[in-house]
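Residue numbers begin at 1 in each chain, while the letters A, B, ... track the order of the sequences.
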There are 2 protein chains.
Amino acid sequence: MTTQTAKSTKDRILDAAEALFAEHGYDGTSLRGVTGQAGVNLAAVHYHFGSKAALFEAVFRRRVEDVNAERLSKLDELEARGPEHPPSLEEVLEAFLGPVLRLSARRDDEGWRRFMQLVGRCNSVSGEHMEPLRQVFQQVAARFFPAFLRAVPHLREKDLYYRLHFLIGSMSTLIADPLRIQIHSEGLCRSDDPDEVLRHLVIYAAEGFRAPTPVR
Amino acid sequence: MTTQTAKSTKDRILDAAEALFAEHGYDGTSLRGVTGQAGVNLAAVHYHFGSKAALFEAVFRRRVEDVNAERLSKLDELEARGPEHPPSLEEVLEAFLGPVLRLSARRDDEGWRRFMQLVGRCNSVSGEHMEPLRQVFQQVAARFFPAFLRAVPHLREKDLYYRLHFLIGSMSTLIADPLRIQIHSEGLCRSDDPDEVLRHLVIYAAEGFRAPTPVR
DNA sequence: GTCTGAGGCAAACGATCGTTTGAATCGTAC
DNA sequence: GTACGATTCAAACGATCGTTTGCCTCAGAC
């Protein structure tokens, strides 16, 4: 029910593939299912993309740059304030998590929610088709690493690696299955309100990051 | 290279299925691959289990009771000390996370590591075959909920639901791909040392749980 | 008009999937 | 030895998979 009903064949395939890959995974999705939902011919996917694997790659290439550019842009803004105004831990967390959580809960664009669901799925699975996606997100995390380190200078690098990994795990499961927290909390937690989820996660992670370094 | 080379056909199928389901997922695993790795005939899986879905269920039924019984047993121990000695937050976290993390890194039993990898994968994916597994782990989390609530009495139920969900996300990604943190940290974090991972996660989560409740 | 190339189409390719069949093989009780 | 239930086996079933083929349509160049 989008305003544009005259999408190109390529985009219709991408939309359908995005939804089905996110819901059923790579192996659980058939090209006949994709082309059936897209309303196009089966051979069109090979004509426009070449193969199923290439289609999968095209699905995530379409959006991955946008979300990570937004995260890095927010980080750049924080660092551009100069060394006399170092960003707070909460600000770095906001830049790291905010774009991801907000895009995964956009009510006006179901495509982004599905894409983020796909990202969360790939982040949790060691599948072979998903390595390039994981690498891109890992590079963003690596860019954030020194900013986090400056915001919590009492941590050793090793401690920060652990805690950043814990944080990524929380973020991944949030976007991989946004409805789950709402179901488990019997509706107390509203997963369709990204700002509330973000507020809770930032407070939780900030105190976690500020925890003392393990002694032993 | 196990000491027992004389395993039954049923167990050989379960071992091979556990490894392949954990690595490639349900749809990415073929029964021919399972029986090939197990060294048994293809029809044996239908003779002993009935179907591929039933085999998948048998794989996780074999171990799921053990790990969750251990977690609940630890919780019972803590609560048996009586209301005058309430368990600390760190103790509840230890009971909740310890058995899972330790089993997922056992050096003497690769089967447990693979099983935990499968659990982590299912915990992150909304696949249809994995609902019973997720429900079992969710019931355990529900049992832990009041213990957590007593350990951090300043939290509203809603806050605890959020933070418990964040914690489960961290735990799931840890066991779904144990090697990832070691790779990303360039070897600084040793994922084959469950006690160290547990120590870091308990400290991180404890401070996160103790964070104040969001104001707005 | 004719030619051209991009794109859409039905149909089929060989491979692999989960599942089923029916006979061969085994140990064991009689 | 014989009968019998339990297990294993090779072979095939129909369905579905990703991929390819060849032909059709059609808008723009000349």
**Prompt:** Quick one: D11(B) CG to dT7(D) P, roughly how many Å, whole number?
**Reply:** 13 Å

**d(CD1, I13(B); C1', dC9(D)) in whole Å** = 13 Å

**Request:** Find the distance R12(B):CZ to dT7(D):P and express it as a whole number of Å.
**Result:** 14 Å

**Complete:** note: F56(A), atom CZ; dC17(D), atom P; distance rounded to Å ~ 18 Å

**Message:** Which residue in the set R199(B), R71(B), R102(B) passes salt bridge (Lys or Arg N to Asp or Glu O under 4.0 Å) when paired with E94(B)?
**Reply:** R102(B)

**Prompt:** Of the nucleotides dG18(D), dT7(D), dT19(C), which one has an atom closest to the side chain of R32(A)?
**Reply:** dG18(D)

**Request:** May I ask you to say what T35(A) touches in the nucleic acid, namely base, sugar-phosphate or nothing, with a heavy-atom cut-off under 4.0 Å?
**Result:** nothing

**Prompt:** What is the distance from CZ of F49(B) to P of dT20(C), rounded to the nearest Å?
**Reply:** 16 Å

**Partner of D15(B) under salt bridge (Lys or Arg N to Asp or Glu O under 4.0 Å), chosen from K7(B), R114(B), K10(B)** = K7(B)

**Prompt:** What are the two closest heavy atoms between A176(A) and Q117(A), and how far apart are they?
**Reply:** O-CG, 3.2 Å

**Asked** In whole angstroms, how far is the P atom of dG18(C) from the NZ atom of K52(B)?
**Response** 4 Å

**Request:** Using atom OH of Y47(A) as one end and atom P of dC9(C) as the other, report the distance to the nearest whole Å.
**Result:** 13 Å

**Message:** Check the phosphate of dC17(C) against S30(B), side-chain N and O only, distance under 4.0 Å to OP1 or OP2. Yes or no?
**Reply:** yes

Show me the protein contacts with nucleotides 20-23 of chain D, counting only N or O atoms at under 3.5 Å.
none

**Message:** Between F21(B) and F60(B), is the ring centroid distance below 6.0 Å?
**Reply:** no

**Asked** Taking atom C1' of dG18(D) as reference, at what distance in whole Å does atom OH of Y26(A) sit?
**Response** 9 Å

**Message:** Would K52(A) and Y26(A) count as a cation-pi pair here, with the cationic atom under 6.0 angstrom from the ring centre and within 45° of the axis?
**Reply:** yes

**Message:** Less than 4.0 angstrom between a side-chain N/O of T9(B) and OP1 or OP2 of dT8(D), yes or no?
**Reply:** yes

